[in-house]
**Q** 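The following block contains the structure, expressed as C-alpha cells.
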Protein chains: 2
Amino acid sequence: MTLRELKQQRVREQIVEAAFALYAERGFDKVSVTDIAERAQVGRTTFFRYFGDKQEVLFADEQTLVEMFAAGSDAPAPAPRDLAGALLQLWGLTYAKRDIVLGDKKLFPVRQRLIATVPELQDRSGRKMQRIADALEVALRGRGADPELALLAAQIGIACFRVALQTAGEDPEKVMPTMERVVRQVISTASPSA
Amino acid sequence: MTLRELKQQRVREQIVEAAFALYAERGFDKVSVTDIAERAQVGRTTFFRYFGDKQEVLFADEQTLVEMFAAGSDAPAPAPRDLAGALLQLWGLTYAKRDIVLGDKKLFPVRQRLIATVPELQDRSGRKMQRIADALEVALRGRGADPELALLAAQIGIACFRVALQTAGEDPEKVMPTMERVVRQVISTASPSA
DNA sequence: TTCCAAGTGGTACTCAGTACCGTACGGGAT
DNA sequence: ATCCCGTACGGTACTGAGTACCACTTGGAA
C-alpha cells in the first residue's frame with residue numbers, strides 16, 4: 001500500500017472517529033459538518049470528498065457488507081434448494097468476517113441509539129438494508145435459486161434481519177444468533193394451515 | 001366542515017398538485033420549495049406549515065394508510081390463528097378504501113418513477129413502509145396474534161408488499177392482486193424441507 | 001531532480017429548514 | 001352588524017448542508 005493510500009485511510013478513520021464521538025456527545029443534529037472536520041483536523045471540503053453527506057459516515061460499512069455477500073455467492077452451496085439454509089449460510093459467512101461498525105463493540109451501540117432516535121437515520125438505515133437485500137438476491141440467484149423466489153427470499157431475509165436487530169438490542173454479539181432463531185421461526189410458522 | 005378547514009384543505013391540495021406537477025416536469029432536485037410555493041400560490045413559509053419537508057408532499061397519504069390499518073384491526077377476524085389470512089384481510093380492507101396517492105392513477109406512477117430514480121426518496125419510502133409495518137403489527141396483535149409473531153409477520157407482510165410493488169410496476173391496480181399472489185407464494189415455499 | 005496527477009482546503013454560492021413577527025381573517029361573542 | 005380573539009398567513013433573516021471553483025501542496029513516476 002502506497003503512502004498516499006495510507007494517508008487517505010488515516011483521514012477516513014479520523015473522520016469516522018470524530019463523527020461518532022461528536023454524534024454520541026451532542027446528538028446527530030447538534031453536530032455540524034464543520035465541527036466534525038475541525039475535530040478530525042481536516043478541511044470542510046475534504047469531509048465531503050470522503051463522505052457524500054453527514055449521514056454516510058455512520059454507514060461507512062455498507063459497501064463492505066455488500067461486497068461480502070457478493071463474495072459469499074462464490075462459496076460452495078450446501079443445499080441449493082433450501083433457500084433458508086442458503087440464506088443463513090450466506091449471512092454466517094458475511095457475519096464471520098465482521099464489518100467495520102458491526103464488528104466494533106464501541107461503534108455499534110452508538111449507531112443503534114442514533115438510528116433509534118433520529119428519523120432520517122432510520123430512513124438511511126433502511127436504504128442500507130435494501131442494498132444488502134439486492135446483494136443477497138444476486139447471491140441467491142448465483143446459487144441457482146429461481147429468480148422470482150430469490151427476490152422474495154432476499155426481502156424476507158432482510159425482514160428477519162430487522163426483527164433480529166430490534167430484538168437483539170445494542171449487543172452486536174447477539175445479532176447473528178437471534179437472526180438464526182428468527183429464520184427458523186419463519187420456516188416453522190409460515191404455514192400453520194398449509 | 002367550517003370555511004377555515006375548507007380553505008386549508010384546498011391549500012393542501014394545491015401544494016400537492018403543484019409539487020407533483022413540478023417534480024414530474026423537472027425532476028425532484030431541480031425543484032425548490034420556493035418554486036412549489038409560487039405555483040401553489042402560497043408563501044414559502046406556508047409550505048412548511050403543511051409539510052415538514054420537500055419529500056413529505058409525496059407521501060401525504062402515509063398517515064391515512066396507517067389509520068386505515070388501525071381501523072381495520074377492529075374488523076372481525078376470520079381465522080385468528082391464520083396469520084397470512086389476517087394479513088391479507090387487513091390489507092384488503094385498507095386497500096379497498098384507497099388512499100390519496102395510491103388510488104390516483106395519475107399520481108401513483110409519478111411517485112413510483114421518482115422513487116425509482118432518487119435515492120433519498122427510496123429512503124423515505126422505506127420509512128413509510130416501516131410505519132405501515134408498525135401499524136400492521138399493532139393490528140395483528142389486536143387480533144390476538146402472539147406479540148413476537150406479530151412483529152415478524154408484519155415485517156414479512158411488508159417484504160411481500162415491496163416485492164409486489166416492484167413486480168407490479170406503475171399500475172396501481174395490479175398491486176393488490178400481486179400482493180396476494182406473493183403472500184400465497186411465501187406460505188407455500190417457505191418450508192420445502194420442513 | 002523534475003514534472004504531472006491527485007488530494008487538500010479555502011471562498012463563495014444555492015437552497016432547505018427554522019425562528020420570529022406583524023398582519024389578515026374566520027368565527028364566536030354580544 | 002360589530003367587536004374581539006385565536007389562528008393562519010407571508011415576509012425577513014438566520015443557520016447549516018451540499019456544490020462549484022480554484023489556487024496550493026504533495027506523492028510518485030520518469
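So you know, we letter chains A, B, ... as the sequences are listed, proteins then strands, and number each from 1. We use all heavy atoms of the structure for the numbers below, so side chains are in, but hydrogens, waters and symmetry mates are not.
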**Q** Which residues pass the side chain to side chain donor-acceptor pair (under 3.5 Å) test with B:Glu148, sequence neighbours left out?
**A**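 Listed in chain order: A:Arg181.
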
**Q** To the nearest Å, how far apart are A:Phe51 CZ and D:dT19 P?
**A**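 Nearest whole value for this atom pair: 15 Å.
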
**Q** Treating A:Glu56 as the side-chain partner and A:Gly52 as the backbone partner, does any N or O pair qualify as donor plus acceptor under 3.5 Å?
**A**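 A pair under 3.5 Å: yes.
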
**Q** Whole angstroms only, please: what is the CD-C1' distance between A:Gln41 and C:dT8?
**A**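 My rounded result for the distance is 14 Å.
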
**Q** Please list, chain by chain and in numerical order, all residues satisfying side chain to side chain donor-acceptor pair (under 3.5 Å) with A:Glu137, sequence neighbours excluded.
**A**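 A:Glu137: side chain to side chain donor-acceptor pair (under 3.5 Å) contacts with A:Arg141.
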
**Q** Give a yes or no on whether B:Glu17 atom CD has more than 12 heavy-atom contacts from other residues, nucleotides or ligands under 6.0 Å away.
**A**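 No.
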
**Q** Heavy atoms under 4.0 Å, any strand shown: does B:Tyr50 hit a base, just sugar-phosphate, or nothing?
**A**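 Answer is sugar-phosphate: B:Tyr50 comes under 4.0 Å of backbone atoms only.
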
**Q** Say whether, by atom type as modelled, one donor and one acceptor occur between the side chain of A:Arg111 and the main chain of A:Leu58 under 3.5 angstrom.
**A**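 Indeed, once roles are kept as given, a pair shorter than 3.5 Å links the two residues.
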
**Q** Give the rounded distance in Å between these two atoms: CD of A:Gln14 and C1' of C:dG7.
**A**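 So the two atoms are 15 Å apart, to the nearest Å.
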
**Q** Run the salt bridge (Lys or Arg N to Asp or Glu O under 4.0 Å) test against B:Asp53 and tell me which residues pass, sequence neighbours left out.
**A**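 Expected list: B:Arg124.
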
**Q** Specify the separation, in whole Å, of atom CZ of A:Arg10 and atom C1' of C:dG7.
**A**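 Roughly 15 Å, once rounded to whole Å.
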
**Q** Rounded to whole Å, please give me the gap between CD in B:Gln8 and P in D:dT7.
**A**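 Atom-to-atom, B:Gln8 to D:dT7, this comes out as 11 Å.
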
**Q** Using a 4.0 Å cut-off on protein heavy atoms (strictly under), produce a 5'-to-3' string for nucleotides 11-18 of chain C with B for base contact, S for backbone-only sugar-phosphate contact, and - for none.
**A** -----SBB

**Q** For residues 18-29 of chain B, which side-chain N or O atoms pair as donor and acceptor with protein atoms under 3.5 Å away, sequence neighbours left out?
**A**
residue, atom, partner, partner atom, Å
B:Tyr23, OH, B:Lys54, O, 2.9
B:Glu25, OE1, B:Arg39, NH2, 3.4
B:Glu25, OE2, B:Arg39, NH2, 2.9
B:Arg26, NH1, B:Lys30, O, 3.4
B:Arg26, NH1, B:Asp35, OD2, 3.1

**Q** Can B:Glu5 and B:Gln9 be said to form a side-chain hydrogen bond (donor to acceptor under 3.5 Å, both in side chains), step by step?
**A** CA-CA 6 Å; B:Glu5 289 170 308; B:Gln9 192 180 318; over 6 Å; no

**Q** Quick check on D:dC9: is either OP1 or OP2 less than 4.0 Å from any side-chain nitrogen or oxygen of B:Thr46?
**A**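 For B:Thr46, the contact criterion (side-chain N or O under 4.0 Å from OP1 or OP2 of D:dC9) is not met.
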
**Q** Is the closest side-chain donor-acceptor distance between A:Arg143 and A:Gln89 under 3.5 Å?
**A**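 The criterion, which ignores hydrogens and geometry beyond distance, is satisfied for A:Gln89 and A:Arg143.
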
**Q** Can you tell me how far C1' of D:dG16 sits from CZ of A:Phe28, to the nearest Å?
**A**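 Answer to the nearest Å: 12 Å.
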
**Q** Show each protein N/O and nucleotides 22-27 of chain D N/O combination with a separation under 3.5 Å, one pair to a line.
**A**
residue, atom, partner, partner atom, Å
D:dG27, OP1, A:Lys7, NZ, 2.8

